[in-house]
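One structure is given below, encoded as structure tokens.
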Protein chains: 2
Amino acid sequence: MKITRKGEYAMRALVDLALHYKKGMRQIQDIVREEDIPEKFLEQILLALKNAGFVESKRGVGGGYFLSNPPDKILLGDVIRLIDGPLAPLDCVSKTKHVKCPKEITCGIHSVMLDVSNATAEILDHVTLADVCNRTKGMAERRAEHQMYYI
Amino acid sequence: MKITRKGEYAMRALVDLALHYKKGMRQIQDIVREEDIPEKFLEQILLALKNAGFVESKRGVGGGYFLSNPPDKILLGDVIRLIDGPLAPLDCVSKTKHVKCPKEITCGIHSVMLDVSNATAEILDHVTLADVCNRTKGMAERRAEHQMYYI
DNA sequence: GAAATTTCCGATTTGACATATAGGAATACT
DNA sequence: AGTATTCCTATATGTCAAATCGGAAATTTC
């Protein structure tokens with residue numbers, strides 16, 4: 001699995017929406033300003049996220065986007081699968097994308113990559129948007145502490 | 001990390017060489033026949049593997065390739081890093097490839113991807129070519145048993 | 001020492017895909 | 001009616017994976 005810009009933008013946008021959960025609409029422009037993402041590109045991404053049910057939207061004046069579900073119900077693994085495809089490092093290992101691999105039957109490499117794939121999924125399917133927000137917060141706080149010591 | 005064809009071919013070729021370790025030279029043609037890899041492409045790959053010290057070679061009649069070290073001393077992680085680059089799913093997480101990421105300081109996503117990167121490395125830096133060979137063998141045997149039961 | 005074999009090496013090609021950008025249609029509010 | 005905002009499709013662009021080509025260099029064999 002390689003996470004593309006698109007996938008990274010999708011996660012950043014969703015984290016942004018998570019930080020503003022239940023605080024009203026969030027417009028593309030707001031996210032663009034905050035996250036420094038090309039506007040038209042983000043538009044496409046949010047559309048995909050909407051069609052997949054991660055976010056909802058409202059058009060017109062005062063419109064915008066918001067999360068369909070609470071941040072602690074949205075798994076990073078699902079977001080990445082939607083935008084960047086299977087988590088497996090090799091296509092022939094993926095459960096969703098069925099590509100036959102040569103000599104799969106006796107392929108030890110395949111077996112190792114399955115382990116990697118499972119380890120990755122184990123992490124990404126247990127980390128929610130809320131977790132990401134907390135991590136970010138925690139990192140910022142630790143950083144603030146460090147600064148205090150040096151004053 | 002996405003493993004490309006090139007990386008897959010490299011691993012398959014090395015496993016092939018591992019299976020013939022200490023049994024003399026192995027020519028490109030032999031590997032091509034066994035593993036079904038485009039010949040000229042494999043040529044490039046073996047050259048890279050040679051320059052990196054994984055294999056040695058000899059030219060001319062009766063020449064060919066062979067592993068520089070025993071199969072149980074070659075880690076899959078090192079092979080993949082050489083051919084396909086850093087194991088991290090995001091470049092800004094990689095330790096080798098230094099790309100600055102926006103707002104890295106407070107980036108929870110970064111932190112999660114670091115976990116993924118470490119989990120991947122933990123696996124691939126402990127699996128050797130010998131392990132892969134054994135896995136392949138084990139899978140083939142289990143398959144043989146199954147067939148026996150059904151006779 | 002000529003011929004055959006095999007690796008070595010750089011250049012080029014091809015196609016797919018990531019990364020956007022453009023332009024307007026549809027909808028909702030004031 | 002007019003403005004703001006999302007929706008949607010098409011197109012451009014650049015990069016890189018994947019492979020091919022043509023010949024140079026080394027080694028063995030006869």
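The chains referred to below are lettered A, B, ... by the order of the sequence lines, with proteins before strands, and numbering in each begins at 1.
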Measure the distance from CD on A:Q29 to P on D:dT3 and round it to the nearest whole Å. 18 Å

Between CD1 of B:I83 and C1' of D:dA18 the distance, given in whole Å, is 13 Å

Between P of C:dG15 and CZ of B:R5, the distance in whole Å: 16 Å

Other than B:L47, what residues sit in its cluster of Ile, Leu, Val, Met, Phe, Trp and Tyr side chains whose heavy atoms are under 4.5 Å apart, directly or through others? none

How long is the line joining CD1 of B:I37 and P of D:dA17, in whole Å? 17 Å

Judged by each residue's nearest nucleotide on DNA chain C, which is more toward the 5′ side, A:F41 or B:I28? B:I28

Can you spot which of A:L124, A:L76, A:L75, A:D125 makes a side chain to side chain contact (heavy atoms under 4.5 Å, CB included) with A:R81? A:D125

OP1 or OP2 of C:dA18 under 4.0 Å from side-chain N/O of A:Y9: no

How many whole angstroms separate atom CD1 of B:I45 from atom C1' of C:dT7? 15 Å

Separation of C:dC17 atom P from A:D84 atom CG, nearest Å, is 14 Å

Which residue pairs pass the ring pair (Phe, Tyr, Trp, His ring centres under 6.0 Å) test when at least one of the two sits in residues 42-66 of chain B, sequence neighbours left out? none

Can you measure B:F66 atom CZ to C:dT7 atom C1' for me and round it to whole angstrom units? 13 Å

Do the charged groups of A:K73 and A:D78 touch, with an N to O distance under 4.0 Å? no

The nucleotide from C:dT19, D:dT20, C:dA20 with an atom nearest the side chain of A:K6 is C:dT19

Looking just at side-chain N and O atoms, do B:T128 and B:D72 make a donor-acceptor pair shorter than 3.5 Å? no

Under the ring pair (Phe, Tyr, Trp, His ring centres under 6.0 Å) rule, collect the residues that match up with B:F41, sequence neighbours excluded. B:Y9

Please name all residues satisfying side chain to side chain donor-acceptor pair (under 3.5 Å) with B:D30, sequence neighbours left out, ordered by chain then number. B:R33

Can you tell me the distance, in whole Å, between the CD1 atom of A:I3 and the C1' atom of C:dT19? 17 Å

Protein proximity profile, nucleotides 25-30 of chain D - base contact B, sugar-phosphate-only contact S, no contact -, cut-off 4.0 Å on heavy atoms: BSBS--

Any ion pair linking A:D115 and B:R135 (charged N to carboxylate O, less than 4.0 Å)? yes

Do any side-chain nitrogens or oxygens of B:S57 fall under 4.0 Å of OP1 or OP2 in C:dC8? yes

Expected rows: protein N/O vs nucleotides 8-11 of chain D N/O, under 3.5 Å:
unit_1 : atom_1 : unit_2 : atom_2 : d
D:dC8  : N4     : A:E43  : OE2    : 2.7

Establish, with yes or no, whether the OP1 or OP2 oxygen of D:dA18 is under 4.0 angstrom from a side-chain nitrogen or oxygen of B:T4. yes

Looking only at the side chain of A:Q27 (C-beta and beyond, no hydrogens), which of the listed nucleotides D:dA18, C:dT19, D:dT5 gets closest? D:dT5

Carboxylate-amine/guanidinium contact A:D16 A:R26, below 4.0 Å: yes

